[in-house]
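Start at 1 and go down the list; that is how both ligands and their atoms are numbered.
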Amino acid sequence: WRRCAVYPEPPKEILRPVYLPEKLLTSPGPCNCSDRVLQSLSQQMLGHLHPEICQLMDDIKAGLWYAFQTRNRLTLALSTSGHGGMEACLDNLLEPGETALIAKCGIWGERAADMANRSGANIKFLETALGVPFDLTALEKALAKHRPAVVFVTHAESSTGMKQPLEGVGKLVHKYEALLIVDAVASLGGEPFFMDAWQVDAAYAGSQKVLGAPPGITPVSFSPRAERKIFRRKTRPAYYWDLKILGNYWSCFGAPRVYHHTISATLVYGLRTALAQLVEEGLLASWARHAATAVRFRKGLRDLGLQCYIENPEHQLSTVIAIKLPANIDGNILIAQVMKKYKIEISGGLGPTVNKVLRIGLMGINAEAYTADRVLSVIHNELQHSLKAKI
Ligand code: PMP
């Protein structure tokens with residue numbers, strides 16, 4: 001190596017101290033972590049098979065059984081963000097040539113279709129207008145027509161702020177011998193979710209949203225029906241997502257743990273602590289707190305003369321609220337001003353709602369009255385300074 005030239009200039013930027021401002025994160029995620037979660041993250045590293053880590057992983061499973069309302073033994077957390085949860089569910093439950101029926105009414109159905117397509121599946125859509133959920137009649141028609149192996153539904157469509165009702169969906173999907181995958185990234189812990197009662201076969205959540213842990217450790221759960229497919233399939237999913245091996249690492253099948261990858265001990269501490277907070281508060285109390293904050297926020301919006309993008313109250317999420325962007329307001333100016341002046345993050349549209357909405361996330365520790373009022377007040381202050389330039 002002595003004959004290799006060493007670049008003469010070591011990078012100076014890396015020597016600068018890291019200074020990070022504290023921001024109030026009220027976009028659809030990530031949201032702020034509690035002090036208790038932050039403290040847990042500062043503990044020293046442990047090995048990925050040390051008994052203490054294995055105990056914390058077992059604790060996480062117990063917390064997730066509660067959060068998902070399930071008894072599924074194949075319940076664990078993946079070392080990835082929400083997208084990885086989506087990919088793991090699709091890749092494990094679809095074989096090349098099978099059909100995936102994907103409910104599409106915002107960005108997440110599109111993303112799932114892209115992933116399922118890469119797993120070699122045929123894609124069929126159950127499409128509704130933006131912000132409008134599908135109903136059971138439309139679902140049954142699509143199931144009968146396409147005979148899919150898998151149906152993909154987003155519970156909390158964070159690009160529009162829409163909640164998809166899930167009662168009856170799993171039962172219908174099973175009548176047609178398909179498996180139901182649900183994206184619960186923006187809902188788990190903040191909206192009622194009953195994995196077993198609703199007969200959901202695979203669900204994944206977001207650690208960085210309602211749960212209030214950092215991103216990068218994604219809760220997932222698979223029903224016994226889904227497990228049968230995973231064990232009987234002819235082709236193999238990508239190694240990193242292979243739930244047969246991951247299930248062993250998480251000791252889901254009663255066999256000794258086997259190394260699959262090096263889990264981040266730090267993220268295990270964070271998720272374990274975040275789940276403890278959810279269990280201490282109680283799911284019912286957490287759902288009620290998110291609902292009450294959203295009601296207060298929506299009332300405040302009406303007082304400011306602003307409208308929710310989702311008009312039907314039954315389909316409005318508590319966790320993510322999309323506001324119709326008034327025709328005379330430049331959303332990008334508003335978002336930039338709110339960040340610059342107040343260090344508060346709010347968000348614009350995503351995918352099909354770009355330039356149509358502002359999106360506010362009131363999740364985890366930010367789902368409370370003071371934060372809701374603060375966001376309303378800064379929006380109120382900045383609206384008048386965010387007018388579109390007249391051409
Ligand atoms: N699904 C939904 C409903 C989401 O809101 C998000 C994140 N905004 C994702 C999936 C993807 O999650 P991540 O950014 O953690 O990969």
Just checking, is any N or O donor in the side chain of D201 or S223 under 3.5 Å from an acceptor N or O on the other one?
yes
Take H260 and W241, measure what ring-ring contact (aromatic ring centres under 6.0 Å, His included) needs, and give me the verdict at the end.
CA-CA 10 Å; H260 172 269; W241 303 138; 9.0 Å; no
Could you list the atoms of ligand 1 found under 4.0 angstrom from a heavy atom of H83?
11 (C), 12 (O), 13 (P), 14 (O), 16 (O)
the protein heavy atom lying closest to atom 6 (C) of ligand 1 turns out to be W108 CZ2, 3.3 Å
Side chain, backbone, both or neither: which part of K209 has a heavy atom under 4.0 Å from ligand 1?
side chain
Residue selection (non-hydrogen contact nearest atom 3 (C) of ligand 1) among A184, S159, G361, A156
A156
Below 4.0 Å, non-hydrogen atoms only: which portion of P215 touches ligand 1? Side chain, backbone, both or neither.
neither
What's the shortest distance from atom 5 (O) of ligand 1 to any protein heavy atom, and which residue and atom give it?
S158 OG, 2.6 Å
Backbone or side-chain N or O of S81 under 3.5 Å from ligand 1 N or O
yes
Taking D91 for its side chain and A238 for its backbone only, find out whether a donor-acceptor pair lies under 3.5 Å.
yes
Can you list the atoms of ligand 1 that are under 4.0 Å from a heavy atom of D183?
1 (N), 2 (C), 3 (C), 10 (C)
Can you check whether G82 has an N/O within less than 3.5 Å of an N/O in ligand 1?
yes
Salt bridge present between K340 and E382 (N-O < 4.0 angstrom):
no
Measuring from E157:CD to I107:CD1, what's the distance to the nearest 0.5 Å?
8.0 Å
Any Lys/Arg nitrogen of D58 or K61 sitting under 4.0 Å from an Asp/Glu carboxylate oxygen of the other?
yes
Please could you name the atoms of ligand 1 that Q208 approaches to less than 4.0 Å, counting only its heavy atoms?
13 (P), 15 (O)
Donor-acceptor pair, K209 side chain versus V185 backbone, under 3.5 Å?
no
Hey, does the side chain of R289 reach the backbone of A367 with a donor-acceptor pair shorter than 3.5 angstrom?
yes
Heavy-atom contact under 4.0 Å between H155 and ligand 1?
no
Answer yes or no: does an N/O atom from T154 fall short of 3.5 Å to an N/O atom of ligand 1?
no
